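Quick caveat, the model's predicted, so the values are computed rather than measured.
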Amino acid sequence: MATQLVTLAEVERLSTSVVRILGGNPGKFTLQGTNTYLIGRGHQRILIDTGEGRPSWASHLKAVLAQENATVQQALLTHWHHDHVKGIPDLLELCPNVTVYKHQPGPGQSSIEDGQIFRVEGATLRAYHTPGHTVDHMMFVLEEEDAVFTGDNVLGHGTSVFEDLRDYVSSLHRMQHRVSGRGYPGHGAVIENATSKISEYIKHRQQREDEVIRVLRYGRLDGPEGELFATQQKTFWTPLELVKVIYKDVPENLHLPASHGVQLVLQKLEDEGRVVHDRDLGEWSVERGKSPL
């Protein structure tokens, strides 16, 4: 992250029904660490995600459960990434009767279906399949708060990565007006207005698509400057060449990872028939005679 992250407490009560426990794994991609959430008010609680198996997470969870006189009845996994699931063995040791749920479940896990409801005292969670970041990604709406647990589709700081851009954008639209309250993200601070943040994400993704198309067509972000420039434009581009124009103000050591995101944008545009791909050369172009914007 280029910006300074706010400090988050290892354990923090965020509302009467939500306690955040950090995974103890801060880093470049995990920000302050993976957020896990203990949800409910009674003895039986729901846990969203389990961190990546760091001892500090298990220790904090044990302490919170003792303080709250609670146990985890159900654990809901937002997706398969290791920093969200590797704490399962620690959870099973602390709460041996817990049922672990996941979309496309692994051995010993139960399935989460789109629209499925999970309830404990003080909390009703409705699950929605929101692929893109990963194929199995889920979000959960906390009905009592009109809030949403966004998983890694939407973060508290910066933007997220994705496996499939078409699915990701479709999921963002599905999430956009689902609630009017908070977003509890998989990483980063609480999002006070989930709808506004998701709208920002959608706008950002559209901006990146428009920038890729513009550079493919004109060779620059601000468009052509007369016929002379238009006749001199480069026709085919590699993802890394596009990055050097679109991310010209970003340090060069970040260009290669940025090219992966541009590659996914190009694949989406190709699926939509808006660009063509020379697979032998690994280069891309807009089709002549079409106006892609």
His79 and His133: CA distance, side-chain angles, deciding distance, ring-ring contact (aromatic ring centres under 6.0 Å, His included) verdict: CA-CA 9 Å; His79 62 294; His133 177 72; 4.9 Å; yes
- prompt: Can you tell if the side chain of Ser111 reaches within under 4.5 Å of the side chain of Pro105, non-hydrogen atoms only?
  reply: yes
- prompt: From Thr30 OG1 over to Asp83 CG, what is the distance, rounded to the nearest 0.5 angstrom?
  reply: 6.5 Å
- prompt: Hey, are the side chains of Tyr101 and Gln116 touching, using non-hydrogen atoms and a 4.5 Å cut-off?
  reply: yes
Hydrophobic cluster (4.5 angstrom, side-chain heavy atoms) - remaining members for Val6: Leu8, Leu22
message: With heavy-atom distances below 4.5 Å as the criterion, would you say the side chains of Glu163 and His137 are in contact?
response: no
- prompt: Do Tyr128 and Phe140 have their ring centres less than 6.0 Å from each other?
  reply: no
Between Thr7 and Gln32: side-chain donor-acceptor atoms closer than 3.5 Å: no
- prompt: Quick one: does Leu264's side chain get under 4.5 Å of Phe162's, heavy atoms only?
  reply: yes
field: Residues that Glu192 engages under side-chain contact (heavy atoms from CB on, under 4.5 Å), provided they are two or more places apart
entry: Arg182, Val190
field: Test item: Arg178 and Val148 side chains (from C-beta on) under 4.5 Å apart, heavy atoms
entry: no
query: Charged N to carboxylate O below 4.0 Å: is that the case for Glu52 and Arg54?
result: yes
message: Could you tell me if Asp49 and His84 have a donor-acceptor pair between their side chains, going purely by distance under 3.5 Å?
response: yes
Heavy-atom pair of closest approach, residues His43 and Asn69: ND1-O, 2.8 Å
message: What I want to check is whether the side chains of Ser199 and Gln176 have a donor and an acceptor closer together than 3.5 Å.
response: yes
- prompt: Taking everything shown except His260 itself, do over 12 heavy atoms lie less than 6.0 Å from its NE2?
  reply: no
message: Hydrogens and angles aside, do Thr195 and His177 bring a side-chain donor and acceptor to less than 3.5 Å of each other?
response: no
Side-chain heavy-atom pair Leu266, Pro239 within 4.5 angstrom cut-off: yes
- prompt: Do the side chains of Val98 and Gln73 get nearer than 4.5 Å, heavy atoms only?
  reply: no
message: Checking Ser180 against Asp146 for the side-chain hydrogen bond (donor to acceptor under 3.5 Å, both in side chains) test, could you report, in this order, the C-alpha distance in whole Å, the side-chain angles of both residues, the deciding distance, and whether it holds?
response: CA-CA 6 Å; Ser180 61; Asp146 198 20; 2.3 Å; yes
query: Do Val64 and Leu38 have side-chain heavy atoms sitting under 4.5 Å apart?
result: yes
- prompt: Passes side-chain hydrogen bond (donor to acceptor under 3.5 Å, both in side chains), Tyr184 versus Glu145? Steps please.
  reply: CA-CA 11 Å; Tyr184 294 112; Glu145 294 188 15; 2.7 Å; yes
- line: One should read off an interatomic distance between Leu221 CG and Lys248 NZ, to the nearest 0.5 angstrom, of 6.0 Å
Check: Thr36/Arg20 side-chain N/O donor and acceptor closer than 3.5 Å: no
Lys/Arg-Asp/Glu bridge criterion (N-O < 4.0 Å) met for Glu241, Lys244: no
field: Residues, nucleotides or ligands: over 12 heavy atoms within 6.0 Å of Arg119 CZ
entry: no
message: Tell me whether Lys62 is salt-bridged to Glu93, with the criterion being a basic N under 4.0 Å from an acidic carboxylate O.
response: no
query: Rounded to the nearest 0.5 Å, how far apart are NE2 of His187 and CG of Asn25?
result: 7.5 Å
